[in-house]
Amino acid sequence: LTKQKAEKVIGWSKNHYLSSCLLPSVKGERLCIPRESLEIAISRLKGQENISQKPSQNLKNLAKDEFESNFISAVVPPGEIGVKFDDIGALENVKKALNELVILPMRRPELFSRGNLLRPCKGILLFGPPGTGKTLLAKALATEAGANFISITGSTLTSKWFGDAEKLTKALFSFASKLSPVIIFVDEVDSLLGARGGAFEHEATRRMRNEFMAAWDGLRSKENQRILILGATNRPFDLDDAVIRRLPRRIYVDLPDAENRMKILRIFLAQENLDPNFEYDKLANLTEGYSGSDLKNLCVAAAYRPVQELIEEENIAQGGTNSTTTVLRPLNLDDFIQSKSKVGPSVAYDATSMNELRKWNEMYGEGG
Ligand code: ADP
């Protein structure tokens with residue numbers, strides 16, 4: 001295939017998909033790509049191009065009825081998600097596992113289409129304390145896998161459309177199958193599919209859950225559909241066995257230790273004006289028990305201090321000379337130490353909950 005021909009067929013120069021999914025060897029102007037891979041790439045590129053050029057128009061055409069139309073605004077094409085793996089500090093093992101389980105099969109489906117051993121995974125659970133980056137990982141995963149992203153919670157399917165929860169659930173799956181490759185992110189999966197409510201469970205909720213499970217099973221039996229259900233929860237112990245079984249890979253997203261807190265802090269503070277002697281390791285050691293989200297809040301609180309000082313100085317100078325300055329002083333370690341009293345580690349996750357999570361990880365998780 002010559003470069004010009006590739007350009008003609010799929011807009012080679014504009015599109016990075018071909019290079020990233022096929023890793024072609026470029027010899028001069030000639031690209032060496034297996035025909036089978038090229039066909040997959042062409043069909044994928046056509047889909048991707050349509051979706052990213054005119055997202056709402058295109059999705060509107062895809063939605064077959066009012067139920068499917070409800071999900072149009074929930075779909076984010078991969079190019080518009082805006083989060084990549086590099087934006088996530090630490091969690092290297094999690095990223096590595098997701099690369100093997102999701103990114104590779106979605107980008108290189110031809111490698112997973114034969115035999116029984118290498119089958120794309122259709123259900124993954126991310127579990128761990130709140131604020132550890134599960135949602136962030138889900139979004140970045142869709143970007144890296146070149147997949148459309150649909151995020152749903154319990155209320156997407158129940159609250160507003162209570163009577164129609166079952167139909168809406170069916171529509172979610174039928175609509176998603178037209179957007180393949182797609183990741184359906186179910187945040188707080190325990191609240192949507194948690195342990196059954198026994199005799200007091202609402203009939204509509206029970207039917208919605210059954211429909212969800214049935215549609216999910218239908219999806220699992222279709223090997224070539226690139227749809228992944230990615231669940232996230234802080235309370236995996238509330239999930240019943242039927243759900244756990246359908247999420248065969250369960251990945252623990254733990255609180256960061258000192259070394260990992262340092263990596264996360266480096267990402268947050270990369271663009272900031274820091275004191276040249278700023279000691280990341282000291283700050284990492286001072287923030288035991290902080291989640292990624294807590295660290296972010298701490299950084300925001302600390303970054304506010306030089307601004308506050310400047311405003312105060314300006315107020316004092318008012319009426320005097322015009323010597324107000326707009327140059328902020330660099331951030332130093334003391335700004336963070338002072339801010340710790342305002343932004344502590346999330347209290348919601350006490351030692352008992354952490355123990356429960358770790359035990360669940362030992363029983364059901366990958367132990368990571
Ligand atoms: P969870 O879904 O686990 O409750 P989120 O993914 O919603 O947590 O994280 C909340 C915010 O915390 C993110 O938007 C991000 O700003 C920050 N955050 C958490 N963990 C990380 C991390 N490992 N790297 C970078 N930012 C993080």
Side-chain angles (χ1 to χ4, degrees), residues 74 76 80-99 102 124-144 149-156 183-192 194 228-239 247 250-272 280 283-284 287-304 336 339 343-350 353-354 356-358 360-361 365-366 368:
V76 190
E80 292 174 22
I81 295 169
V83 187
K84 304 183 301 302
F85 268 179
D86 281 350
D87 302 322
I88 303 177
L91 300 172
E92 268 85 14
N93 287 345
V94 178
K95 289 190 230 173
K96 187 165 174 275
L98 292 175
N99 188 39
V102 185
I124 296 177
L125 179 69
L126 299 176
F127 66 99
T132 45
K134 297 182 288 298
T135 308
L136 205 61
L137 276 164
K139 289 182 180 165
L141 182 62
T143 305
E144 303 285 345
F149 183 73
I150 307 183
S151 174
I152 62 159
T153 59
S155 56
T156 318
I183 292 176
I184 303 177
F185 178 59
V186 188
D187 203 4
E188 295 171 17
V189 62
D190 52 294
S191 76
L192 183 75
L228 168 76
I229 303 281
L230 183 62
T233 181
N234 313 324
R235 304 188 54 81
F237 21 82
D238 286 350
L239 296 172
L247 295 163
R250 302 146 207 143
I251 303 174
Y252 189 25
V253 186
D254 202 357
L255 283 176
D257 60 11
E259 198 187 325
N260 285 320
R261 288 196 293 276
M262 188 149 84
K263 290 183 189 164
I264 296 172
L265 286 164
R266 280 188 190 281
I267 287 187
F268 292 153
L269 299 173
Q271 312 289 331
E272 297 302 314
Y280 273 103
L283 181 55
T287 45
E288 176 77 40
Y290 278 65
S291 66
S293 171
D294 298 332
L295 290 174
K296 175 87 177 255
N297 293 337
L298 180 71
C299 291
V300 171
Y304 200 70
F336 291 84
S339 304
V343 187
S346 294
V347 280
Y349 255 68
D350 50 280
S353 316
M354 286 306 296
E356 267 187 289
L357 275 177
R358 286 190 181 129
W360 200 88
N361 185 33
E366 313 216 335

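Counting convention: from 1, in listed order, for ligands and their atoms alike. Remember, it's a predicted structure, so these values are computed and weren't measured experimentally.
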TODO: For the pair Glu144 and Lys95, find out whether any cationic side-chain nitrogen is under 4.0 Å from an anionic carboxylate oxygen.
DONE: no
TODO: Check the pair Leu247 / Phe127 against side chain to side chain contact (heavy atoms under 4.5 Å, CB included), numbers first and verdict last.
DONE: CA-CA 11 Å; Leu247 295 163; Phe127 66 99; over 6 Å; no
Open item on the list: Could you check whether Lys134 pairs with Asp187 (Lys NZ or Arg NE/NH1/NH2 to Asp/Glu carboxylate O, under 4.0 Å)?
Closed with: no
Open item on the list: How far is atom 16 (O) of ligand 1 from the closest protein heavy atom, and which atom is that?
Closed with: Lys296 NZ, 3.4 Å
Open item on the list: Does Leu192 form a side chain to side chain contact (heavy atoms under 4.5 Å, CB included) with Thr153? I'd like the steps, not just the answer.
Closed with: CA-CA 7 Å; Leu192 183 75; Thr153 59; over 6 Å; no
Open item on the list: For the 3.5 Å polar cut-off, considering only N or O atoms, please tell me whether Gly131 and ligand 1 meet it.
Closed with: yes
- [ ] Name the option, out of Gly133, Ser293, Pro130, that contains the heavy atom nearest to atom 12 (O) of ligand 1.
- [x] Ser293
- [ ] Might you work through the side-chain hydrogen bond (donor to acceptor under 3.5 Å, both in side chains) test for Asn297 and Asp294, ending with a clear yes or no?
- [x] CA-CA 5 Å; Asn297 293 337; Asp294 298 332; 4.8 Å; no
- [ ] Measure the distance from atom 18 (N) of ligand 1 to every protein heavy atom, then report the residue, atom name and distance (to 0.1 Å) of the closest one.
- [x] Gly292 C, 3.8 Å
Open item on the list: Check this for me: Glu92, atom CD, are more than 12 non-hydrogen atoms of other residues, nucleotides or ligands nearer than 6.0 Å?
Closed with: yes
- [ ] Please indicate whether any nitrogen or oxygen in Gly89 is less than 3.5 Å from any nitrogen or oxygen in ligand 1.
- [x] yes
Open item on the list: Any atom of ligand 1 sitting under 4.0 Å from a heavy atom of Ile267?
Closed with: no
- [ ] Would you please classify the geometry between the Phe185 ring and the Phe149 ring as parallel, tilted or perpendicular, with 30° and 60° separating the classes?
- [x] parallel
TODO: Quick one: look at Thr135 and ligand 1, take heavy-atom pairs under 4.0 Å, and tell me if it's side chain, backbone, both or neither.
DONE: both
Open item on the list: Which residue and atom name correspond to the protein heavy atom nearest atom 26 (N) of ligand 1, and how close is it?
Closed with: Phe268 CZ, 3.3 Å
- [ ] Nearest heavy atom to atom 25 (C) of ligand 1 wins, so pick from Asn260, Thr233, Asp87.
- [x] Asp87
Task: Distance from atom 14 (O) of ligand 1 to nearest protein heavy atom, with residue and atom - done: Leu136 CD1, 4.0 Å
